[in-house]
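Not measured: the values here are computed from a predicted model. What's counted below: heavy atoms across the whole structure, side chains too, no hydrogens, waters or symmetry copies. The chains referred to below are lettered A, B, ... by the order of the sequence lines, with proteins before strands, and numbering in each begins at 1.
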Amino acid sequence: MSQLIVVGSGIAGLIAAYQAAQAGYSVEVLSKSPDPRRLTPAKFESSTYDGFINRYLTATEGHDYLEKKGYVTAMYPGIAEDFQRDLTKGGWLAQPMDAWDSEAQSWLSARSRANQNPAASEALFQEYLDENRMSMTLWYDFFCQQVQDPTLAGRFSLHQLGIDRFYDHPTLFAQALIAQQQCEVVKASYGCEALRSDADFGIYHAGLNHDNPFIQGGGLTIYGLAFDVKAFCLWLLDKLESLNVTLKLGAEFAITAIERDDAGKVIELLSAGGQRYSAHHYLMHPGAFCPNAVLTGTKADNQLAGVKGLWLRIKNAQELWGEPPRPNKIHGGKNQITMGGIQYPAQIADLNCMPQLLPDGRWDLIVGSGYVFIGSYPFTHSTQADRLALTAFANVVERVYDVEIDLDRVVAGDDDRIDLPSSGCVRSFTPDDRELRVIEPTASNGVLLIEGGGNTGTTTKAFFCAKVATEFLNTIDTSITRRDDLSDCYEQIRSQLRQNAALMKQSHWHQLESRLNNACGFADRPMPSNATSSTL
Amino acid sequence: MNTNAAAGAPDRDLTLQVLMIALDKAVAMAAEAQGVSFGELRHQVVYEGTIEATSQIAVIFSDEREKGL
C-alpha cells in the first residue's frame with residue numbers, strides 16, 4: 001500500500017506529487033491521461049494538455065468572475081447574467097437555460113446564488129490575491145533552483161520579465177493600476193502615448209492607432225512568469241520518476257469510484273481497468289474532465305463544470321511584426337458580435353497573446369479567447385456557440401493586429417496564414433469559482449482530499465495548494481490523537497500559509513526576479529522607480 | 001438590433017461613468033491636499049498611468065468607488 005495516491009496528472013496533480021515526494025511520502029500517481037512522453041500526438045482530456053503553450057503566473061491570475069465592486073465587475077458588467085443566458089443573448093451558455101440537463105441546471109442555480117453575495121465575492125477575491133502571491137514566491141524559488149540546468153529555461157519557454165496587461169478604457173486602466181499597486185506587483189505603467197512610442201509594443205500599433213482603436217486605456221507590466229506548461233509537465237514526469245514516484249497513466253487507470261466501508265470511510269479507489277487501489281492518504285485533482293459519478297457522495301458532487309476557450313494562430317508572424325512580443329493579456333470588456341449579417345449582444349473580448357518560437361527561429365503568434373459554458377463532462381453543445389465566440393474573438397483580433405480573418409477558410413483549415421491550432425481548451429469552474437477543498441476520513445485514519453477546479457488560476461496556485469496539502473497530511477500523521485476537525489485543521493493551515501502575502505512588497509518581487517535572471521544567466525535589471533517607467 | 005441593454009444587462013458606459021466620477025472626486029481631493037492642479041493630476045492618473053500619481057489617490061478612490069457602485 002502506498003502512503004499517498006495522487007489522482008490526476010495535470011499540473012496540479014504532478015506538483016502535489018512532487019511536493020509530497022520531496023516531503024518523504026511514498027507516492028503513486030493514477031491518471032486517465034496517457035503519458036505525454038510516449039504518445040504524440042495523443043488526445044488528452046485534461047486542461048493542462050488541451051490548452052496552448054504558455055500559462056501565466058501572476059497575482060490576479062484565475063480570479064473569480066462574480067459580481068462584486070472591484071474592477072472585474074466594472075470591466076464586465078452583467079457578469080452574473082452571463083451564466084443565465086446563452087451566447088445568442090449575450091451570455092456564456094452554449095445553449096439556452098432550459099436545454100441543459102438537471103446536473104447543469106443545478107450547477108447554474110448554485111452559481112446564481114453565489115452571485116447574490118458580493119461581500120463573499122470580495123473576500124474570495126482577496127483570498128485569491130494572497131494565495132496567488134504566496135504561490136508565485138514558491139514558483140520563483142522552484143525555477144531558481146531548477147534552471148541551474150542551462151537548457152531548462154529555453155525548454156520551458158520561460159519568460160521571467162513580467163506580464164503585460166493592456167486595457168481598452170482609460171478608467172479601467174487607472175482602476176486596474178490602483179488595484180494591482182495595492183498588491184505591490186506593478187513593475188511599470190504606460191499610458192497610450194507611451195505605448196505608441198515604445199518599440200517593445202510595435203506589434204500593437206494597429207490596436208493603438210486604428211480609427212476605432214481597441215486599446216484606448218493603457219498598459220501595465222506586473223511581476224509574474226510565463227512558461228510552456230506542457231514542456232514543464234514532460235520534464236516533471238521524469239523528475240517524479242527520479243524521486244521514485246510510481247506513475248500509472250492511461251485509460252485503464254481512470255478512477256471510476258471511491259469505495260467506502262459501512263461507516264462511510266474511504267477504503268479504496270476503483271479503476272476502469274478493474275483494479276483496486278488503496279493508500280493511507282488520497283489527493284484527488286479532478287479537473288473539468290472528471291466524470292461527476294466519481295465524486296458522487298462527496299461534497300464535490302456536481303461542483304465542476306467546463307468553460308471552453310478558443311485559440312487562433314497567426315503563422316509566420318515575424319514577417320508582419322519583426323520582433324516577438326512579450327506574453328500579455330488584453331482586457332476588452334464586452335464587444336458585439338456580427339455573424340452572417342446578424343448582430344448579437346456582446347461577448348467578453350479578453351485576449352491572451354503569446355509568441356511561439358519555432359525551431360528555425362521564426363515565430364507564430366498564438367491568441368486565445370472565448371467563454372462558452374459547456375456544462376459538466378462529458379461535454380455536448382452546439383457548434384453555433386463555438387462559432388459565435390470565435391467570431392467575437394476574431395473581430396477583436398482584427399482590430400488589435402490589423403489582420404483580416406476569413407473565418408470560413410480558417411475553420412475549414414484552408415487559410416495559409418491563420419489556423420486553429422487546437423479545438424480549444426476547457427477550464428474548470430465551480431459555482432463560486434473557489435477551488436474545491438473537500439476532505440473525507442479514510443478507514444486507515446488518513447484523509448481523502450479533493451482539491452483544484454479553480455478556473456485558470458490552478459496553475460498559479462498549484463505550489464501553494466500542494467504545500468497546504470503536504471503540511472495538512474503531515475499534521476494528520478503527527479497528531480497524537482485522532483483529529484475530528486479535519487476541515488478546520490486544513491483551513492487553519494491554508495490561512496496561516498497565506499498570512500505573509502501582505503508583507504510582499506515590490507522589492508520582494510524585484511529580488512525574486514533578479515535571482516531568477518541570475519539563475520538563468522540573464523543580466524540583472526535595475527529596480528524600477530515608483531515613477532512611471534516605459535523602459536523596463 | 002440586439003444590444004446588451006435590450007437584453008437586460010447593465011450598461012457598461014454607465015458603470016464606467018460611476019467609476020469616472022469616483023476617480024475624479026479622488027483626484028480633486030488629492031490635488032487640493034497637495035496644492036497641485038486637478039487637470040495635471042487627472043492627466044497623470046488617467047492618461048499617463050503614473051504610478052506615483054495613482055498611489056496618491058488609491059485609498060480615496062477605493063472609498064469613493066464603494067459609495068458609487
*Between A/Gln181 (side chain) and B/Ile51 (backbone), is there a donor-acceptor pair under 3.5 Å?*
yes
*asked:* I need the residue from B/Val45, B/Leu16, B/Ile57 with the largest number of non-hydrogen atom pairs under 4.5 Å to chain A.
replied: B/Leu16
Could you grab the distance from atom [atom1] of [X] to atom [atom2] of [Y], nearest 0.5 Å is fine?
| X | Y | atom1 | atom2 | value |
| --- | --- | --- | --- | --- |
| A/Tyr76 | B/Arg12 | OH | CZ | 8.5 Å |
| B/Thr54 | A/Leu177 | OG1 | CG | 3.5 Å |
| B/Leu23 | A/Thr171 | CG | OG1 | 6.5 Å |

*Please look at A/Gln182 and chain B and tell me whether the side chain, the backbone, both or neither of the residue comes under 4.5 angstrom of a heavy atom of that chain.*
side chain
_Residues, nucleotides or ligands: over 12 heavy atoms within 6.0 Å of A/His508 NE2_ = yes
_Any side-chain heavy-atom pair of A/Leu172 and B/Leu19 under 4.5 Å_ = yes
*asked:* With heavy-atom distances below 4.5 Å as the criterion, would you say the side chains of B/Tyr47 and A/Cys192 are in contact?
replied: no
*Give the minimum heavy-atom separation between B/Val46 and A/Phe173, together with the two atoms involved.*
O-CD2, 3.9 Å
